[in-house]
Amino acid sequence: MLQAVLQTDTVLLPERLVDLLRLGEFGVVGEFIAGLIAAFLVANIMLIMTAIAGPWAKRKIRARFTDAIAVNRVGPAGLLIIIADAVRLMSKEIIVPEGVDRPAWELAPIVVALSALLGFAVIPMGSGIHVADPEVGVVFVFAVASLASIGLVMGGYASNNKFSMLGGLRAVAQNIAYEIPLVLVAASVVIFAGSLQMSEIVAAQQDTLISLGVVDIPMWFAIINPFAFVLFLAANMAEIGRNPFDTPEAPNEIVAGYQTEYSGIYFVLFYLGEFIHIFLGGAIIATLFLGGPAGPGPESLGFVWFLVKIWAVFLLTQWMRSAVPRVRIDQLIEIGWKGLLVLSFLNLILTALIVGVITV
Amino acid sequence: MIGVLKSMAVTMKHALKGETFTVEYPDVPPEVSPRFRGIHKFSQERCIWCRQCENVCPNDTIHIVTDDKRQGEQYNLHVGQCVYCRLCEEVCPVDAIILTQNFEFTGETKDDLVYNKEQLKSVPWYNELDPLAAREPDRGSWVGEGEDAVDYQ
Amino acid sequence: MSTLEEPEVEPDGLDIDAVHERLGDRVLDTEEHINAPGIIIRADEVEETLTILRDEFDFDYLACVSAEELPDRYETIYHLKQFADPTRELSIVVPTDRDRPISQSAAHVYETANWHEREAYDLIGIEYDGHPNLKRILLPDSWTGHPLTDDYNQDKPQVVSYKAHENPLLEHTKEDDGETMLINIGPHHPATHGVLHLKATLDGESVVDVEPDIGYLHRCEEQMCEQGTYRHQIMPYPDRWDYASAGIINEWAYARAAEDLADIEVPEYAQILRTMGAELCRMAAHFLALGTFVLDVYGEFNALSMYAIRDREKVQKLLEDLTGQRIMFNYLRLGGVAWDIPEPREQFFDDTRQFINEDLPESMDEVHDLLTDNEIFQLRCVDIGVLPPKQAKQYAATGPVARASGIDMDLRRDDPYGYYPELDWEVVTDDGCDIFSRVMVRVREVEESAKIVDQCIDLLEEWPEDEREIQANVPRTLKPDPDTRVYRAVEGAKGELGIYIRADGTDTPGRFKIRSPAYCNLSTLPVMAEGDFVADLIASLGSIDIILGEVDR
Ligand code: SF4
Ligand code: SF4
């Protein structure tokens with residue numbers, strides 16, 4: 001039975017496209033094209049989500065928390081602000097400050113935006129949307145996600161601005177401090193699932209833990225090991241640079257950190273990259289801890305559930321922003337190295353115990 | 001950690017309540033107090049050209065030109081530089097200059113914000129609010145003055 | 001001012017004869033200022049004299065330094081006070097030659113003299129011998145002439161060339177030693193609360209040195225007041241010093257000084273109205289201080305800043321009902337106030353009570369939930385940006401900044417005016433000396449202010465109808481006797497807001513000097529921030545609660 005479910009799930013999006021568009025006859029070229037189309041589709045889904053989140057949802061959410069009214073003038077519920085904002089942002093002049101290191105400066109926003117997008121390739125989003133499923137999926141996703149810090153430091157360094165420089169350095173220090181706990185906590189999930197493959201991890205969470213009458217509590221890792229879940233949430237906040245860990249940007253201290261000097265479309269890319277990062281963080285959390293696309297209803301609804309989980313994480317970041325101060329950079333590093341790292345090792349031991357109990 | 005959670009609870013409470021305190025200006029015009037001081041309105045009928053307002057104004061906003069028989073010819077007021085202190089209204093012995101609640105006026109250059117006698121006469125009341133109601137002098141002569149004036153009562 | 005408040009006798013304890021005896025020959029002559037006895041000393045004995053007064057007579061508080069040009073001389077006046085009892089005042093008058101206006105600096109005795117003397121040098125042109133850093137403070141370095149002198153050409157425009165303001169970094173970058181980095185925070189920066197420029201030298205992320213560079217918002221407020229008539233024309237301007245809602249308190253500072261100068265009594269009923277208005281203003285100002293401060297620590301998406309603005313909005317609505325404006329009130333008049341409570345009176349009382357007794361406690365609870373108990377907030381604010389009491393006194397910090405460093409001085413209680421002595425309230429102090437204390441002092445002061453307003457409302461409500469006198473009889477033109485001088489201060493939202501006026505026999509002041517609390521408080525920033533991190537520098541700056549309009553005037 002379980003095997004059957006798994007079977008349907010591992011049909012990847014490119015393979016489906018090959019079948020659908022009859023690209024099979026073109027051999028490898030056909031598969032390549034199918035892969036491109038699949039990647040294009042997924043990237044666009046993410047970009048649309050960002051477009052909704054950035055100019056519209058974020059403002060609405062913030063307004064809710066602060067008792068204010070937000071974007072409600074352009075279109076129904078202000079939704080057309082998305083188009084207005086897109087036009088506005090793209091038509092802005094790109095100002096290149098004097099003395100920037102041109103290649104690095106121009107590459108940085110692209111690196112930031114792309115690295116996050118790449119991560120989505122291995123995320124099973126339900127309803128059959130899954131571009132690739134390498135055996136080392138978890139490793140891949142963390143690897144590409146941390147590419148972003150290179151983009152940040154490139155932008156910060158190349159901008160020839162001291163605020164940017166500080167921001168870039170902060171970003172790197174922070175990412176190093178938090179990536180390790182992040183990966184360690186993810187490792188505990190891997191221990192559970194016994195695999196690095198994303199689809200396996202999702203599949204391992206499908207079983208029912210306990211049945212309470214009508215409600216079946218699924219075996220999501222967030223429920224089995226809430227400690228790891230909280231740790232991961234915290235480390236993730238730092239990884240995506242949101243309150244209380246938004247020190248690399250900290251507009252009140254270092255203006256906007258690495259993105260101070262960017263304008264026009266480059267700024268949009270940075271902005272985009274940030275949002276995609278938040279969503280990627282949400283996607284990783286959903287996959288590793290919340291059963292991926294699992295949820296009540298038919299399996300074809302999987303993608304909806306997946307989106308709900310991502311947006312829940314997004315909402316959480318905005319919620320934190322409304323109420324939690326930002327910590328100072330040295331405190332942040334301290335929390336990372338002395339707090340989260342130790343706790344994540346503890347978590348590994350805890351996980352081993354839990355796994356022991358379950359298997360016994 | 002408890003404190004952080006408590007903080008988050010506070011903001012979530014606000015979010016769930018969904019009350020707003022900002023207003024949708026200009027769709028919903030704000031309520032202003034009866035005493036609110038906005039742009040001036042001038043009544044030539046009442047003015048006795050005593051020039052007290054011109055003298056008291058702390059920053060030379062009012063500029064009066066009279067002929068040699070001390071009859072008024074011009075009454076100019078540079079609303080762009082006025083500080084809305086209401087001293088002119090306070091010293092005027094006949095309530096000929098008064099600050100309405102009207103704060104909605106614009107100009108593209110600062111010259112547009114120099115109002116002459118006629119412009120000052122036709123400043124409309126804001127939301128039909130008559131500032132004199134709050135100040136209780138004789139209202140009679142203010143009724144319907146100037147072309148654009150909102151008819152009183 | 002009114003009979004309630006003015007102590008008839010010279011304050012106890014200050015034995016002026018003992019001072020004379022101790023100073024001996026240094027006393028050239030004496031003067032009587034309305035607020036204090038004046039002692040004239042020689043320009044080269046300033047440091048010595050002030051040291052004696054500070055160490056032996058407890059004059060630990062240099063409230064203000066005012067300088068002016070007189071027909072035959074230049075003059076610097078050091079207005080000394082005592083933190084323990086600010087009614088013990090003494091003015092040290094230092095005349096200098098017209099041709100060679102050189103006077104000894106007091107900057108080594110009182111740190112606060114540093115900035116005051118720089119300002120005097122900038123605007124009047126007196127040179128202070130031995131001053132550690134005598135350069136212009138409000139005007140650009142390339143300015144020519146001293147604007148408050150008689151022979152200064154007011155009409156000649158001065159363009160500060162781009163060259164004169166060339167990127168200050170350029171020079172520094174060249175000789176960069178690689179260890180430290182100069183960073184310009186401001187004049188345009190999200191956290192400088194206006195146009196303030198902090199020249200910060202960083203070693204990595206920690207602040208080695210910080211130097212506030214002010215004057216970007218200098219609007220010649222003193223000059224404008226010198227051109228206005230006492231009776232009417234000055235009153236609209238104080239609103240524009242600390243423009244973040246503290247208008248009525250500012251007006252009161254002027255009213256207090258001018259009423260002392262012209263010997264005007266204010267009716268009791270008007271005093272209550274003033275007290276209520278001033279406390280409403282203080283609440284609004286503290287709400288704004290809180291709101292902008294949390295922006296610096298939480299980031300721009302936090303909810304508390306908006307909640308603070310919402311509460312301030314409620315206060316402003318009350319003030320609008322009372323005064324007719326939301327920020328630029330122009331509510332006080334010499335000898336009284338402009339309006340009584342608006343009709344229907346009940347409505348106003350109900351609205352105010354609703355705010356004080358229902359809305360405010362609720363939002364104060366929220367503030368405590370969001371701030372006081374928040375561990376991350378404490379992490380950022382406790383024991384950071386420390387201002388030791390000794391330094392606070394040296395720099396003449398006042399208001400919440402001083403009270404958070406354990407200095408128990410509040411002019412409302414210690415140098416009473418208005419209706420405060422009759423009311424039941426407390427001075428809030430805290431020994432923390434850190435950012436957290438400063439924020440908490442403000443929060444608790446809001447609660448105290450609410451208590452005061454509540455009592456005022458009760459009093460106003462019960463006041464007999466035929467005794468509601470809001471304005472004393474004041475002549476249309478005021479011409480105080482020539483050469484009378486007064487320095488009077490009130491407890492502003494940021495600290496001691498003092499006004500020094502010298503009358504010259506006309507209906508406009510001969511010299512009008514504003515002692516701005518934010519100006520002095522800002523000068524403590526290096527003490528707070530040096531050795532801390534950049535983020536702490538920003539938080540410290542926010543916790544001082546500066547309003548650049550008041551700093552630069
Ligand atoms: S309101 Fe004040 S500034 Fe404006 S015109 Fe009247 S007196 Fe002058
Ligand atoms: S004070 Fe009144 S009457 Fe006199 S000139 Fe001015 S507007 Fe006319």
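Note that the coordinates shown come from a computational prediction; the quantities given were computed from them, not determined experimentally. So that the names make sense, note that chain A is the first sequence line, chain B the second, and so on, each numbered from 1. Values below: every heavy atom of this structure, side chains too, minus hydrogens, waters and symmetry copies.
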N/O donor-acceptor pairs between chain A and chain B, cut-off 3.5 Å:
from: A/Arg64; atom 1: NE; to: B/Ala15; atom 2: O; distance (Å): 2.9
from: A/Arg64; atom 1: NH2; to: B/Ala15; atom 2: O; distance (Å): 3.2
from: A/Asp67; atom 1: O; to: B/Phe21; atom 2: N; distance (Å): 2.8
from: A/Asp67; atom 1: OD1; to: B/His14; atom 2: ND1; distance (Å): 3.2
from: A/Asp67; atom 1: OD2; to: B/His14; atom 2: ND1; distance (Å): 2.8
from: A/Ile69; atom 1: N; to: B/Thr22; atom 2: OG1; distance (Å): 3.0
from: A/Asn72; atom 1: ND2; to: B/Glu24; atom 2: OE1; distance (Å): 3.0
from: A/Arg73; atom 1: NH1; to: B/Asp27; atom 2: OD2; distance (Å): 3.2
from: A/Trp319; atom 1: NE1; to: B/Met8; atom 2: O; distance (Å): 2.9
from: A/Trp319; atom 1: NE1; to: B/Thr11; atom 2: OG1; distance (Å): 3.3
from: A/Ser322; atom 1: OG; to: B/Thr11; atom 2: OG1; distance (Å): 3.1

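The side chain to side chain contact (heavy atoms under 4.5 Å, CB included) search around A/Leu79 returns A/Trp56, A/Ile82, not counting sequence neighbours. For the side chain to side chain contact (heavy atoms under 4.5 Å, CB included) test, residues two or more places apart in sequence or in another chain that qualify with A/Leu341 are A/Ile180, A/Pro181, A/Leu184, A/Trp337, A/Ser344, A/Phe345. Listed by chain and residue number, A/Leu348 satisfy the side chain to side chain contact (heavy atoms under 4.5 Å, CB included) test with A/Ala187 (two or more places apart in sequence, or in another chain).
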